[in-house]
A.B. asks: 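Handing you this structure, nothing more for now.
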Amino acid sequence: MALNGDEEDFEWEPPTEAEMKVIQARRERQDKISKLMGDYLLKGFKMLGDCCEACGTILLQDRQQKNYCVSCQELDSDIDKDNPALNPQAALSQVRERQLAAQVPAAAPELNGGPTSSQAGVSVPQPRPEHCEGAAAGGRALLPPPVVASPPPTASTTTLAPIRPPVCPQNSTLRPVLEEAEEAVLTKLRWATTQLQSSASLEASIQLCSLISSCANSLRSLKELSQ
Amino acid sequence: MVPLEQLHLSHVLQAVSALESIVLRSFGPEGGQVLFTRDTGQVMVSRSGKRILTALHLDHPLARMVVRCVWKHSTITGDGSKTFVLLLASLLRIIHATATKDPHMFQPHNSTEASEAATARHLADRLLEFALTELDKLIVLNVLPHGFRVSLENFTAKTQHDLSCQTLLVSFFRTRLGYAYCDFFRNLFCELLSHWKVKDDRPSFSMQFLNNSFLALHTQVSGVPVNCSRLIEGQVIHRDFATPCPQVRKQPLKAVVFNGYLQPKLLTTGDVLELRCGDKVTEDRGIVHFSSWTEKSVESIIATLQSFGVSVLLCALKQSSAVLAAATQAGMCLVECVSEEEISLFTQLSGVTPISDCRRIHPEHIATLTFCKPLLLGAHRYVHLDFHDCEERLKVKPCSLVICAPSEGQADQHACAFQDAFRMLLTALEPVRKTQTALEETIPSKKCTSLHADNISNGTACRVHLHQKCVTETGCVISAGGTFEFLLHHALHQYGHSCSVSVNTSAVVPVSQLLEKALLSVPRQIYSHNLKHFLQAQTRVVALIPKQPHALSANFIHTEGPLGDGKLSLCSCENGNMSLKLLDLGLESVSCKYQLVLAVLQCLTNLLRINMVLRTHAVLHTESHDSLNAHSESSEGEDED
């Protein structure tokens with residue numbers, strides 16, 4: 001199928017195991033969403049022509065004219081469980097992965113080319129950070145505080161250059177990172193406030209309020225860290 | 001609310017997947033039923049895909065479009081709504097996967113989503129094109145040989161071989177109404193068809209007539225056990241007498257049909273009637289004088305009818321009390337507000353024309369009836385009449401169907417199943433479309449030497465004979481349970497291989513592969529409860545397929561002459577024993593399946609051509625049938641490529 005598709009700028013390679021896992025997880029999530037939507041439709045909910053602003057799922061409306069998004073309100077977000085800020089398991093696994101990666105010789109330092117090429121070199125498959133944090137940042141603006149779990153070995157900092165560096169650290173590099181994080185959270189908070197002022201839909205306002213509260217929580221944890 | 005919305009492939013997929021998840025619960029022999037409840041407390045249980053989908057509250061334009069396509073397909077073929085949605089969803093999923101994997105396949109676009117959408121659209125167009133040109137050939141060559149041919153001749157003969165239309169009907173009723181009543185309804189259906197069969201004419205003609213006038217030909221009765229369903233002679237008019245019906249007279253009765261009002265209704269609200277009496281306008285006796293004039297005209301009409309000996313009046317509209325009084329006085333039975341379908345059936349069976357101008361009543365407006373009496377069915381009283389010389393004139397014995405069920409919803413369900421059986425049979429009797437040249441290309445004459453020695457002497461005669469036989473090949477059925485899908489999957493697979501070997505562009509290959517993968521989803525869902533059965537079924541079917549690609553000719557036997565003597569023609573004699581074993585799963589029609597695949601591909605193409613949704617606040621068009629939600633707040637936008 002890809003016989004004609006080879007162009008100079010885009011070489012298609014078969015997905016790696018981690019990508020396969022991600023694709024599989026996404027497919028299962030979509031299946032779950034469809035099944036839940038089917039359940040609700042059979043219960044008498046109405047399928048609207050609108051999509052949820054947070055996740056893009058089709059909205060349902062119950063008999064009392066209240067809008068309902070199946071994935072936001074019922075399924076746990078598939079990215080929350082990978083977010084070290086919210087899930088201690090994810091934090092631990094991130095630490096372990098860094099330790100494993102640190103044992104790989106520095107012959108695989110070329111991690112700038114992009115996600116696919118980076119994984120071609122490293123023997124231990126790492127989940128791409130953008131899946132964990134990048135997607136979350138788009139909707140919720142949660143940047144993980146750099147040190148949530150135990151401090152990883154210092155040698156790991158040089159071998160890793162992921163796209164968004166939640167690299168952990170030593171205390172001297174902590175402060176500017178924290179400041180950056182605080183600033184980003186504050187910016188998002190400001191944005192959410194302006195959106196909330198102009199928002200007309202109930203669902204959007206609820207989402208914005210939850211965003212503001214999570215921004216406040218992250219600011220609080222950042223402040224605790226800096227102390 | 002955003003007035004203009006870009007539509008992405010994932011939206012389409014999500015909407016259709018939600019519908020698929022609903023339909024899957026009732027799919028297959030082990031599928032469940034959906035319980036419908038209304039706020040009034042009415043409850044109904046159904047597994048019909050069409051009924052489930054049209055009962056959902058859907059405001060999403062794509063979902064509504066899919067349901068509309070399903071509805072339209074079901075009106076024509078009578079079956080296959082759940083398979084439709086299933087096949088559509090799996091095709092969409094495969095196209096989505098293909099498009100996201102390699103979106104730059106055809107032309108570069110600004111964004112990934114736009115290029116994915118364009119790729120998907122292109123794939124769908126190519127799929128449709130492939131289906132319209134190549135699919136019928138593939139089916140004829142690879143699926144039909146494993147099936148059987150049924151015909152409508154000798155329909156009710158019980159002594160016939162098991163493989164007949166009756167088996168097809170039983171399978172159909174079993175999927176719709178369950179095991180309990182499938183045989184009973186099959187017998188009722190056959191009886192109805194035998195009564196209405198016009199002698200020396202094609203049976204499909206009477207079936208088409210029955211399908212068109214089914215509304216007028218059946219009565220639903222609730223509160224009575226299902227076994228009380230029966231046929232009664234003549235026609236039942238679903239209204240009661242408006243005037244007291246005198247004692248039944250022995251001699252044949254005469255009846256007329258009125259399309260309009262007997263008493264001219266010249267005054268409606270808002271009209272102004274100016275009455276003149278000579279040159280003066282007199283107000284005090286004007287209207288009284290006028291209405292007495294109209295009553296006199298009614299009396300003269302009744303007198304004319306009495307002179308013709310008419311005693312039954314059937315009216316399409318509601319008549320005034322003066323008319324009713326006059327009719328009662330004259331001893332005539334009057335039935336008003338008769339529906340259009342019933343009037344049309346009456347006029348067809350009796351051979352008269354309805355009276356439009358009451359002052360001109362001629363003998364050709366007068367019908368002769370054997371009897372006309374009230375009939376009590378369930379909780380309602382209807383008018384029951386029969387025609388005097390219908391059998392000599394039209395060569396049919398008209399009869400009407402009474403469908404009984406414990407509840408209204410169930411009676412409606414049985415009636416729908418009955419009507420869908422007509423549609424299914426009509427579709428089954430249509431030939432799978434074939435082109436003349438296609439067959440001649442693919443069957444070289446040298447292969448004909450392995451044919452049975454019965455009728456064939458030389459290669460050229462074989463080719464012509466084969467072609468003739470195929471063109472008249474209608475009513476092909478195959479055993480149910482995924483056989484069609486397995487066979488077509490195998491055929492597409494081989495086609496794909498042969499195409500990649502030949503010089504064709506590689507672009508052709510993926511299209512048949514897409515369809516091939518999607519087709520397997522149907523039997524997978526049928527056997528979803530047990531994967532082992534799926535594999536067993538697949539092995540069984542694949543074992544039937546002969547090794548050489550063009551061994552078609554070896555499987556044919558030719559029957560003698562036309563099929564008027566009621567014999568079946570078995571298309572595959574060598575594998576007869578094996579195929580017979582597959583029959584306990586029931587039968588399904590190949591033509592219906594082919595129509596289904598085409599309809600799915602057309603719906604898919606239409607779905608993927610939409611790339612923008614425009615929201616309006618006015619109702620743009622209300623669909624003609626009532627079961628879909630009439631209000632819509634958004635409509636499909638134009639293709640903005």
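Every chain is numbered from 1 and lettered A, B, ... according to where its sequence line falls, protein lines coming before strand lines.
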A.B. asks: With chain B, which of A:Asp31, A:Leu48, A:Leu36 has the greatest number of heavy-atom pairs at distances under 4.5 Å?
C.D. replies: A:Leu48
A.B. asks: Kindly compute the distance separating CG (B:Asp59) from CG (A:Leu59), expressed to the nearest 0.5 Å.
C.D. replies: 11.5 Å
A.B. asks: Hey, could you give me the NE2/CG distance between B:His57 and A:Leu60, rounded to the nearest 0.5 Å?
C.D. replies: 12.0 Å
A.B. asks: Mark yes or no for whether A:Ser34, through its side chain, and B:Ser21, through its backbone, hold a donor-acceptor pair below 3.5 Å.
C.D. replies: no
A.B. asks: At a heavy-atom separation under 4.5 Å, does A:Ser201 approach chain B through its side chain, its backbone, both, or neither?
C.D. replies: neither
A.B. asks: Using 0.5 Å steps for rounding, measure from the NZ atom of A:Lys35 to the CZ atom of B:Arg25.
C.D. replies: 5.0 Å
A.B. asks: Measure A:Phe45 against the heavy atoms of chain B and call it side chain, backbone, both or neither at under 4.5 Å.
C.D. replies: backbone
A.B. asks: Starting from the C-alpha separation in whole Å, work towards a yes-or-no answer on side chain to side chain contact (heavy atoms under 4.5 Å, CB included) for A:Gln30 and B:Leu13.
C.D. replies: CA-CA 10 Å; A:Gln30 287 303 319; B:Leu13 187 56; over 6 Å; no
A.B. asks: By a 4.5 Å heavy-atom criterion (distance strictly below it), what part of B:Arg93 contacts chain A: side chain, backbone, both, or neither?
C.D. replies: neither
A.B. asks: What heavy-atom pair brings A:Met47 and B:Ala15 nearest, and what distance separates the two atoms?
C.D. replies: CE-O, 4.1 Å
A.B. asks: Return the CD to OG distance between B:Gln14 and A:Ser71, rounded to the nearest 0.5 Å.
C.D. replies: 7.5 Å
A.B. asks: Could you grab the distance from atom CD1 of A:Ile33 to atom OG of B:Ser17, nearest 0.5 Å is fine?
C.D. replies: 10.0 Å
A.B. asks: Tell me, for B:Val16 versus chain A, whether the close heavy atoms (under 4.5 Å) come from the side chain, the backbone, both or neither.
C.D. replies: neither
A.B. asks: Would you find more than 12 non-hydrogen atoms of other residues, nucleotides or ligands less than 6.0 Å from A:Gln24 atom CD?
C.D. replies: yes
A.B. asks: Can you measure from CG (A:Leu41) to CG (B:Leu56) and round to the nearest 0.5 angstrom?
C.D. replies: 5.5 Å
